[in-house]
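Take a look at the structure below.
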There are 2 protein chains.
Amino acid sequence: MSEKIGILALGHGSKHPHNKEVVTGVAELIAKKYRDIVVRTGFMNMNKPTMKEGLEAFRGTGVSTIIAVPIFLAHGVHTMEDIPQILGISRDSRKTTIKLDGRDVKLIYSEPLGADELVAELAFKRAKEALSSD
Amino acid sequence: MSEKIGILALGHGSKHPHNKEVVTGVAELIAKKYRDIVVRTGFMNMNKPTMKEGLEAFRGTGVSTIIAVPIFLAHGVHTMEDIPQILGISRDSRKTTIKLDGRDVKLIYSEPLGADELVAELAFKRAKEALSSD
């Protein structure tokens, strides 16, 4: 990643604090590990910043590409319909161009987390923790 | 884990196939990596097996403890209210005992995935994939 890249971590949002805590926590972990990446968050429902506000929050950062990553386990109505509509991305192209600070910035929409070894490893870790705290 | 352990991977369920695919895929990855663990799935809504059916599916396996792991990113109404009610677990104890094959089997309810380095790593991987396929 040689150009200046932004990651917009997209959250579902919830009336409970937990979804926002997880999405924000994940965004912070990415920002801490990859210090050349500009990381922001945006929520679909009930929490702030909204996804639009999350995009606006890249103003002044100089990013030339923003990758919007749904912090969702799986595709569903939200990732396939609602979020592309909010971001102004057609499902086919999975990308668009937005204006920030008067410049064109590429906006790319990634896949959600999906069935990955990393999720399996984390689920197993949670199982072990529950067993050992029993 | 010296006794015979089961993991019940709990999914949200969806009218789309993706949620079930991810939860089932994660369950298969756990089963493949940890061959001494008996892994089953159960869904809250719209998909089969239901969570109750998932518990029944441990019959004949000889497990003495089942850990129910919500394959959910964060706590919310589903993990805090709906699922404990389905499993017959009070929020405080986070465990109960069920009967399978005429024996007592301990049922323990774990935390959901949460804000973990593994989720951050996977989100970053999805961002890289989206960038490289652009």
Side-chain angles (χ1 to χ4, degrees), chain A residues 1 5 7 9 11-12 14-30 32-34 37 65 67-77 79-80 94-95 106 108-131 133-134, chain B residues 1 5 7 9 11-12 14-30 32-34 37 65 67-77 79-80 94-95 106 108-131 133-134:
Chain A
M1 296 190 183
I5 300 288
I7 288 180
H12 185 289
S14 168
K15 66 176 181 177
H16 291 285
H18 315 287
N19 179 266
K20 182 170 182 178
E21 285 168 6
V22 168
V23 173
T24 305
V26 165
E28 286 169 356
L29 287 169
I30 296 171
K32 194 173 161 192
K33 184 159 181 185
Y34 303 98
I37 309 279
T65 298
I67 308 157
V69 182
I71 310 298
F72 286 64
L73 275 171
H75 270 305
V77 175
T79 59
M80 295 195 298
R94 301 185 67 83
K95 62 186 172 184
K106 194 182 289 179
I108 306 173
Y109 185 45
S110 91
E111 290 293 301
L113 302 174
D116 192 279
E117 293 276 0
L118 293 168
V119 177
E121 205 46 49
L122 182 50
F124 185 73
K125 182 164 109 174
R126 295 293 175 245
K128 273 194 305 184
E129 289 166 355
L131 190 65
S133 71
D134 173 49
Chain B
M1 295 188 184
I5 299 287
I7 288 180
H12 185 288
S14 168
K15 66 177 181 178
H16 292 285
H18 315 288
N19 179 266
K20 182 170 181 177
E21 284 167 8
V22 167
V23 173
T24 305
V26 165
E28 286 169 357
L29 288 168
I30 296 171
K32 194 173 161 191
K33 184 159 181 185
Y34 302 98
I37 308 279
T65 299
I67 308 157
V69 182
I71 310 298
F72 285 64
L73 275 171
H75 270 305
V77 175
T79 59
M80 296 193 299
R94 301 185 67 82
K95 63 186 171 183
K106 195 182 288 180
I108 306 173
Y109 185 45
S110 91
E111 290 292 301
L113 302 174
D116 192 280
E117 293 276 0
L118 293 167
V119 177
E121 205 48 47
L122 182 51
F124 185 72
K125 182 164 109 175
R126 294 294 175 244
K128 273 195 303 184
E129 289 166 354
L131 191 65
S133 71
D134 173 47

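These numbers come from a predicted model, not from an experiment.
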Query raised in the report: Are Glu117(B) and Lys33(A) ion-paired here, with the side-chain N under 4.0 Å from a carboxylate O?
Result: no
Query raised in the report: What option among Ala120(B), Gly25(B), Pro70(B) has the most heavy-atom pairs under 4.5 Å with chain A?
Result: Ala120(B)
Query raised in the report: Do the side chains of Leu73(A) and His12(B) get nearer than 4.5 Å, heavy atoms only?
Result: no
**Report entry** side-chain contact (heavy atoms from CB on, under 4.5 Å) partner of Val119(A), the single match among Leu122(B), Leu29(B), Val22(B)
**Finding:** Leu122(B)
Requested in this report: Measure the spacing between CG of Leu118(B) and CG of Asp116(A) and express it to the nearest 0.5 Å.
Outcome: 9.5 Å
Query raised in the report: Given a strict heavy-atom distance threshold of 4.5 Å, which part of Lys32(A) is in contact with chain B: side chain, backbone, both, or neither?
Result: neither
**Report entry** Pairs of heavy atoms under 4.5 Å with chain B: top-ranked of Ala68(A), Ser110(A), Ala9(A)
**Finding:** Ser110(A)
Report task. Hey, could you give me the OH/NZ distance between Tyr34(A) and Lys128(B), rounded to the nearest 0.5 Å? Result -> 6.0 Å
Report summary line: Under 4.5 Å to a heavy atom of chain B? For Ile108(A) that would be side chain
Query raised in the report: Contact part of Lys15(B) toward chain A, heavy-atom cut-off under 4.5 Å: side chain, backbone, both or neither?
Result: side chain
Query raised in the report: If you look at every heavy atom in Ala123(A) and Val69(B), which pair is closest and at what distance?
Result: O-CG1, 3.8 Å
Report task. Using a cut-off of under 4.5 Å on heavy-atom pairs, state which of Val23(B), Thr24(B), Val77(B) scores highest against chain A. Result -> Val77(B)
Query raised in the report: Between CD1 of Ile30(A) and CD of Glu121(B), what distance do you get to the nearest 0.5 Å?
Result: 8.5 Å
Query - Non-hydrogen atoms of His18(B) and Gly76(A) that approach each other most closely - result: CD2-N, 4.5 Å
**Report entry** Between CD1 on residue Ile67(A) and CD on residue Glu129(B), distance to nearest 0.5 Å
**Finding:** 10.5 Å
**Report entry** Contact origin within His16(B) toward chain A - heavy atom pairs under 4.5 Å
**Finding:** side chain
Query raised in the report: Checking Arg126(B) side chain against Glu111(A) main chain: does a donor-acceptor pair fall under 3.5 Å?
Result: no
Report task. Give, as side chain, backbone, both or neither, the part of Pro112(A) having an atom under 4.5 angstrom from any heavy atom of chain B. Result -> backbone
Query raised in the report: Is it the backbone or the side chain of Lys125(A) that comes under 4.5 Å from a heavy atom of chain B, or both, or neither?
Result: side chain
Requested in this report: First locate atom CG of Leu131(A), then atom CD1 of Ile5(B), and finally report the distance between them rounded to the nearest 0.5 Å.
Outcome: 4.5 Å
